[in-house]
Amino acid sequence: MRWFYRCPACGRTYPIEPGRYLCDDCAAEQRPDEPLRGVLECAWEGEVSAQTSVPLPVEDRFFPPIPVGQTPLWAPEGLRAELGLPKLWLKDDTCNPSGSYKDRASWLVAAFARKFGIQEVVLASTGNAASSMACVGAAAGIKIRVYVPKSAPIAKRVQILQYGAELVEVDGTYDLAFDQSLAYSRATGMLSRNTAYNPLTIEGKKTASFEIARDLGKAEGRMGAHGRATAQPAVPGYLAPDHVFVPTGDGVIIAGVIRGFEDLLRLGRIDRMPTVWAAQAEGSSAIARALETGVFEPRPSSTIADSISVDVPRNGYFALDRLRRHSGRAVVVNDGDILAAQRYLSRTSGLFAEPSSACAFAGFLKVKGELDPNARVVVMLTGSGLKDIKSAAKAVGLAV
Ligand SMILES: *Cc1c(COP(=O)(O)O)cnc(C)c1O
């Protein structure tokens, strides 16, 4: 198979090589206070062998020795019974090495850096992408420099330093950190892992979709899609979910998840796309609003869910395009819903997730009445609850 970058907006293609981030033509149209223009997708053509578990643009041998992904898909019996949804599943990405979904992207970026002998990776982050790149970079032997708002939860900043990365605390928002980190990588030529800006951050995040389809196939395939002994999944071993709930800030995870299901469909491993839901916090809901109105208007963000708090969603145009192509939906919840859902999930399932992830669960709870009770529903739990103790402590009445 052959890999290349393609601009989803204009169709222009580029080789996948160091120094290439955005589409030159479309990025030239960039205006301030809007999502990035010219975000590229990883595209492939040619044959994919049946042995390839997930087609990725970097060869296996370059991936660093750290167990990213292959996270568990929980079957929460108590919750299923309580909610009347016997096929509810929880994708537990809190189990990644640094405790968040971001490791999937960092892993691919680290593999790319190793392939091309790149010594240093730089990025801006609200905390998780930085702690993730620091973690995976430590395993890969790559120097990591991160720009993070001073206000990032302490656990995430501690992680960054524990893993030996260089931490630049920015006196301002994530958006300022983004600009500062880009200025640094442009000046030094170091590899940027800024989310959406580096197309590998999107592609790396598709791996969870492959795991979900495979694990659903394993769990349900033998019994058939609706519990009948005779039914067979489209390809033995794989099954598409009906709904997937994704906590959404910049829109990179959701775009990656959709990319994964697109690949699975193209490879004939599943027979239809799931409905992918962007779950957003009321105080940071740009993608949900744009799905309705078609335009992105900047609005200062404010939510307890720091990992999905963005003024301008960097991957907004790409994510919106993908959501529209596949009839994606959006659901918006407030901070009270998020904290209540976080606690409810913890005490009914045993899974303690950070507020951003709880947003996906809260979004699911909000619309569950609209879902077919027999639907296969997957909620993506993207970050560990221990990453942000302050808000969780508030919800259980502890002073910290
Ligand atoms: C980054 C992050 C998200 C949101 O991902 P986007 O790509 O910004 O939409 C959700 N949950 C967690 C835990 C994250 O770290």
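Read the numbers this way: they start at 1 and go in the same order the structure lists the ligands and their atoms.
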Please test Arg314 against Glu34 for salt bridge (charged side-chain N to carboxylate O under 4.0 Å, His left out), starting from the C-alpha separation and ending with a verdict.
-> CA-CA 8 Å; Arg314 301 293 157 178; Glu34 65 166 359; over 6 Å; no

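The number of heavy atoms from other shown groups lying within 6.0 Å of CD (Glu59) is above 12. By the neighbour-count criterion of 12 heavy atoms within 6.0 Å, atom CD of Gln162 is sparsely surrounded, having that number or fewer from other residues, nucleotides or ligands.
Note on residues 182-191: pairs passing side chain to side chain donor-acceptor pair (under 3.5 Å), not counting sequence neighbours, are Glu120-Tyr184.
Classification of the Tyr174-Phe178 ring pair by plane angle, with boundaries at 30° and 60°, yields perpendicular.
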May I have a table of the N/O to N/O pairs between ligand 1 and the protein that fall below 3.5 Å, each row giving the two atom names and the distance to 0.1 Å?
residue	atom	partner	partner atom	Å
ligand 1	7 (O)	Val252	N	2.8
ligand 1	7 (O)	Ile253	N	2.9
ligand 1	8 (O)	Asp250	N	2.8
ligand 1	9 (O)	Gly249	N	2.7
ligand 1	9 (O)	Asp250	N	3.2
ligand 1	9 (O)	Gly251	N	2.8
ligand 1	11 (N)	Ser356	OG	3.2
ligand 1	11 (N)	Thr382	OG1	2.7
ligand 1	15 (O)	Lys102	NZ	2.8
ligand 1	15 (O)	Asn128	ND2	2.8

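Of the candidates Thr382, Thr71, Thr201, Thr71 is the only one forming a side-chain hydrogen bond (donor to acceptor under 3.5 Å, both in side chains) with Arg104.
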